[in-house]
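Below: the structure, in structure tokens.
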Amino acid sequence: MRKKIVAGNWKMNLTFDEGQKLTTEIVNMYKDENIKDVTVVLNPPFVHLFPVKKLVGDTPNLFLGGQNCSDKASGAFTGETSAPMLKSFGATYVIIGHSERREYFNESNELLTAKVKQALENGLTPIFCCGEPLEIREAGTHEDYVKNQLTESLFGLSDEDFAKIVIAYEPIWAIGTGKTASSDQAQEMHKALRDHLASKYGQEAADNTSILYGGSCNPGNAKDIFSKADVDGGLIGGASLKSRDFVDIIKSF
Ligand code: PGA
């Protein structure tokens with residue numbers, strides 16, 4: 001059975017005090033409002049991981065993730081953070097291949113394969129991001145473009161490793177723009193991706209894979225998007241920085 005997941009991606013936002021305040025509010029609302037059956041993942045910047053973990057404690061279904069990890073396990077790589085470090089600080093998830101990493105830090109499908117491998121070897125669940133830029137959507141080749149991202153980075157995985165992957169479809173033209181894909185556009189792509197996964201790993205494995213939608217998801221549109229058959233939750237940027245909005249999105253299933 002695939003999981004319903006809502007992951008918050010803080011990106012490069014919030015100071016120590018702001019991060020503590022946001023986490024405290026989310027944990028309190030999460031407990032008070034009796035949320036069940038949704039896996040929630042907070043992905044703060046690395047320096048927040050330890051204090052955020054302390055606040056989250058052992059709250060059931062509330063997990064921690066990194067926004068990235070190195071493709072190497074350790075060594076002289078100034079400024080990098082490894083998957084073993086994330087694990088040791090209490091993270092169980094890691095976002096890999098976010099479009100901002102692909103675009104601003106030139107992360108290739110090949111590099112992302114190595115990052116996915118690092119994550120899996122260290123017991124972290126990769127939230128693997130894919131998505132097309134506007135010009136590809138306008139050219140009408142978006143399905144092939146995104147399928148190719150999955151093929152190149154994930155299709156070398158064993159069946160056993162593939163079963164641990166979460167996918168996040170994030171059309172780049174919808175990230176941080178206030179322009180959301182319609183729920184039908186999201187469903188169409190998610191279905192195409194699930195069929196693509198089935199062609200490689202079989203229908204059962206594809207049916208068990210959580211595919212999240214990301215891109216200007218907010219409390220006003222989450223219910224509609226999450227109601228679609230192949231949408232299993234969201235990767236939330238801007239709205240994850242506001243506790244009320246983030247928790248309302250979690251409650252949108
Ligand atoms: P957004 O970001 O919700 O601010 O559009 C989503 C993401 O980039 O993960």
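The structure displayed is predicted, hence computed values, not measured ones. One-based numbering, in listed order, for ligands and for the atoms of each.
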Among protein heavy atoms, which sits nearest to atom 4 (O) of ligand 1, and what does the distance come to when rounded to 0.1 Å? Gly238 N, 2.8 Å
Can you classify the ring geometry of Phe226 versus Phe253 as parallel (below 30°), tilted (30 to 60°) or perpendicular (above 60°)? parallel
Got a donor-acceptor contact below 3.5 angstrom from the Ser243 side chain to the Leu22 backbone? no
Please confirm whether Thr177 comes within less than 3.5 Å of ligand 1 when only nitrogen or oxygen atoms on both sides are compared. no
shortest atom 3 (O) of ligand 1-to-protein heavy-atom contact is with Gly237 N, 2.9 Å
Which label fits Tyr201 and Phe155: parallel for a plane angle under 30°, tilted from 30 to 60°, or perpendicular past 60°? perpendicular
Per-atom contacts, ligand 1 versus His98 - under 4.0 Å to a heavy atom: 7 (C), 8 (O), 9 (O)
Among all protein heavy atoms in this structure, tell me which lies nearest to atom 7 (C) of ligand 1, with the distance rounded to 0.1 Å. Glu170 OE2, 3.1 Å
Under a 4.5 Å cut-off applied to non-hydrogen side-chain atoms, are Thr59 and Lys31 in contact? yes
Check whether any heavy atom of Ala239 sits under 4.0 Å from an atom of ligand 1. no
More than 12 foreign heavy atoms under 6.0 Å from NZ of Lys117: is that the case here? no
Select one of side chain, backbone, both or neither to describe which atoms of Ala174 lie under 4.0 Å from any atom of ligand 1, heavy atoms only. backbone
Which atom of Ala174 lies closest to which atom of Tyr213, heavy atoms considered: CB-OH, 3.7 Å
Exercise: identify the closest heavy-atom pair between Thr209 and Asp232: O-OD2, 3.4 Å
Gly215 to ligand 1, any heavy atom closer than 4.0 Å: yes
Just which atoms of ligand 1 are under 4.0 Å from any heavy atom in Gly176? 1 (P), 4 (O), 5 (O)
Asn9 contact mode with ligand 1 (heavy-atom cut-off under 4.0 Å): side chain
